[in-house]
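Okay, so here's the structure we're looking at.
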Protein chains: 2
Amino acid sequence: MSNNSAIVILTKHGLKITPQRIAILDVILNLKEHPTAETICNYLRPGYPNLSIATIYKTLDTFAQKGIIRKVLSETDTMRYDGVAEKHHHLYNTGSGRIEDYYDEGLNKIVENYLKNKKIPNFTIEDFKLQIFGKFRDNGNK
Amino acid sequence: MSNNSAIVILTKHGLKITPQRIAILDVILNLKEHPTAETICNYLRPGYPNLSIATIYKTLDTFAQKGIIRKVLSETDTMRYDGVAEKHHHLYNTGSGRIEDYYDEGLNKIVENYLKNKKIPNFTIEDFKLQIFGKFRDNGNK
DNA sequence: TACTATATAATAATGATTATCAATTATAAA
DNA sequence: TTTATAATTGATAATCATTATTATATAGTA
């Protein structure tokens, strides 16, 4: 099922279907967190011992260019990837690199309306995103 | 004057007064853009031919820890620094790495109120920041 | 099945940032 | 003012995430 949807997505974007691409896309789509390239590598190594880290980077880049996934700015110096296409915001755990998605249609609407009226001088708004900083109340890390 | 205020700030945070720190802080406080470590280096090299890039990184880190400046997440892979302590948001020029500050007290209040009532489950909000993506209508770059 | 362009794996290269450490300097005490 | 000492600086090596290179393998198509 998930395997299937990966193939559908790849096809839709005119990308060749390869086992590596299916596997990588599968991981991102199903993982709740925002994995780094290395996290993805660790997930897939058992099944694909020869999967190269370079392939993962290149594949992620291809996906990002097609709009299948998004790159996420991280507080540490490693890039993270986000398999969710719908508009959402990010919760940053201050201290650790943990980032989680936050959906809030009401918030979107309020900010959207505000900015629509406001009109920032010399700037055409295309999109916006909130970074919300704080602490997760469960244990916290990763 | 600006020279002076740098000294005041350093003193207030219990940091030793050195010519390098004064110069670096001066650049960040007076520059409107968000410089990278290398930009700062280029500004100061004429006056301080021996200023080491390592010193700049270490000094910026010290400043950030004291809350004098902030690190800014950038779309490219180079860190940028922000000399403004007051709450503000960022305008990202899609494509280039250009980032500018955006102040909007009205926006702050609206979002603040919304989030205060909303209460995100399992998360304690400390602060938030908007990333606004779009295009500058002047030439665009840098 | 064979052809051709694209993708992959392995590895080297890059570039930003950090670590190391000897020499220098700012501050506090004498 | 001089001295003592801990912090800072500069030079450079090391690190680590990401990108480039290139020979080999593979997907999609005729």
Side-chain angles (χ1 to χ4, degrees), chain A residues 3 6-27 34-42 44-66 68-81 97 99, chain B residues 3 6-25 27 34-42 44-66 68-81 97:
Chain A
N3 207 323
I7 293 180
V8 171
I9 293 171
L10 291 174
T11 306
K12 189 186 319 185
H13 288 89
L15 294 172
K16 285 191 180 171
I17 315 295
T18 70
Q20 293 88 340
R21 281 178 174 169
I22 294 171
I24 293 169
L25 187 48
D26 238 22
V27 169
H34 299 90
T36 64
E38 204 177 339
T39 305
I40 294 171
C41 195
N42 294 335
L44 296 178
R45 268 283 159 73
Y48 302 80
N50 294 334
L51 181 58
S52 171
I53 186 74
T55 300
I56 294 177
Y57 276 106
K58 214 177 307 170
T59 303
L60 290 170
D61 218 59
T62 304
F63 290 173
Q65 280 186 10
K66 292 285 184 180
I68 300 173
I69 64 173
R70 297 184 189 209
K71 293 187 174 190
V72 179
L73 303 179
S74 161
E75 293 201 85
T76 65
D77 60 352
T78 48
M79 187 64 70
R80 286 165 181 270
Y81 299 86
I99 305 170
Chain B
N3 206 321
I7 292 181
V8 170
I9 292 172
L10 292 174
T11 306
K12 189 187 317 185
H13 288 88
L15 294 172
K16 286 190 180 174
I17 316 296
T18 70
Q20 293 88 341
R21 282 179 174 169
I22 294 171
I24 293 170
L25 187 47
V27 169
H34 299 89
T36 63
E38 204 176 340
T39 305
I40 294 171
C41 195
N42 293 336
L44 297 178
R45 266 283 158 73
Y48 301 80
N50 294 334
L51 182 59
S52 171
I53 186 74
T55 299
I56 294 177
Y57 275 106
K58 213 177 309 170
T59 303
L60 290 170
D61 217 60
T62 304
F63 289 174
Q65 281 186 8
K66 292 285 185 179
I68 299 173
I69 64 173
R70 298 184 190 209
K71 293 187 173 189
V72 179
L73 304 180
S74 162
E75 293 202 84
T76 65
D77 61 351
T78 48
M79 188 63 73
R80 285 166 182 270
Y81 298 86

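Keep in mind it's a predicted model, so treat the numbers as computed, not measured. Throughout, a chain's letter reflects where its sequence line sits, starting with A, and its residues are numbered from 1.
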Length of the CD1-C1' vector between B:I40 and D:dT9, whole Å: 16 Å

Gap separating the CD1 atom of A:I22 from the CG atom of A:L15, nearest 0.5 angstrom: 11.5 Å

Among residues 45-55 of chain B, which ones have heavy-atom contacts with DNA chain C below 4.0 Å? B:A54

Summarise protein proximity over nucleotides 22-30 of chain D in one line of letters, 5' to 3': B for base, S for sugar-phosphate only, - for none, counting protein heavy atoms closer than 4.0 Å. -----BS--

Here the pair of heavy atoms bringing A:P19 nearest to A:Y48 is O-OH, 3.9 Å

What integer distance in Å separates B:Y57:OH from D:dA14:C1'? 15 Å

Taking all non-hydrogen atoms of both residues, which atom of A:D26 and which atom of A:A6 are closest, and how far apart? OD1-CB, 3.9 Å

In whole angstroms, how far is the P atom of D:dG10 from the CD1 atom of B:I56? 9 Å

Value for CD1 (A:I7) from CG (A:L25), rounded to nearest 0.5 Å, stands at 10.0 Å

For chain B, the stretch of DNA chain C it reaches, first to last nucleotide, under 4.0 Å of its heavy atoms: C:dA16 to C:dT27

Rounding to an integer number of Å, can you tell me how far B:D61 CG sits from D:dT8 C1'? 14 Å

What pairs with A:R45 under side chain to side chain contact (heavy atoms under 4.5 Å, CB included), at least two apart in sequence or on another chain? A:C41

Which pair of heavy atoms, one from B:M79 and one from B:V72, lies closest together, and at what distance? SD-O, 3.6 Å

Roughly how bent is the helix from C:dT1-D:dA30 to C:dA30-D:dT1 end to end, in steps of 10 degrees, with each end axis from five pairs? 30°

Enumerate, atom names and distances included, each donor-acceptor pair closer than 3.5 Å involving a side-chain atom of residues 51-62 of chain B, sequence neighbours excluded.
{"from": "B:S52", "atom 1": "OG", "to": "B:A54", "atom 2": "N", "distance (Å)": "3.2"}
{"from": "B:T59", "atom 1": "OG1", "to": "B:T55", "atom 2": "O", "distance (Å)": "2.6"}
{"from": "B:D61", "atom 1": "OD1", "to": "B:K71", "atom 2": "NZ", "distance (Å)": "2.9"}
{"from": "B:T62", "atom 1": "OG1", "to": "B:K58", "atom 2": "O", "distance (Å)": "2.9"}

Rounding to an integer number of Å, can you tell me how far B:R21 CZ sits from D:dG10 C1'? 14 Å

Nearest 0.5 Å, what's the NZ-OG1 distance between A:K16 and A:T18? 10.0 Å

Is B:F63 close to B:I9 at the side-chain level, that is, under 4.5 Å between some pair of heavy atoms? no

Which pair of non-hydrogen atoms, one from B:H34 and one from B:R80, has the smallest distance, and what is that distance? O-NH1, 2.9 Å

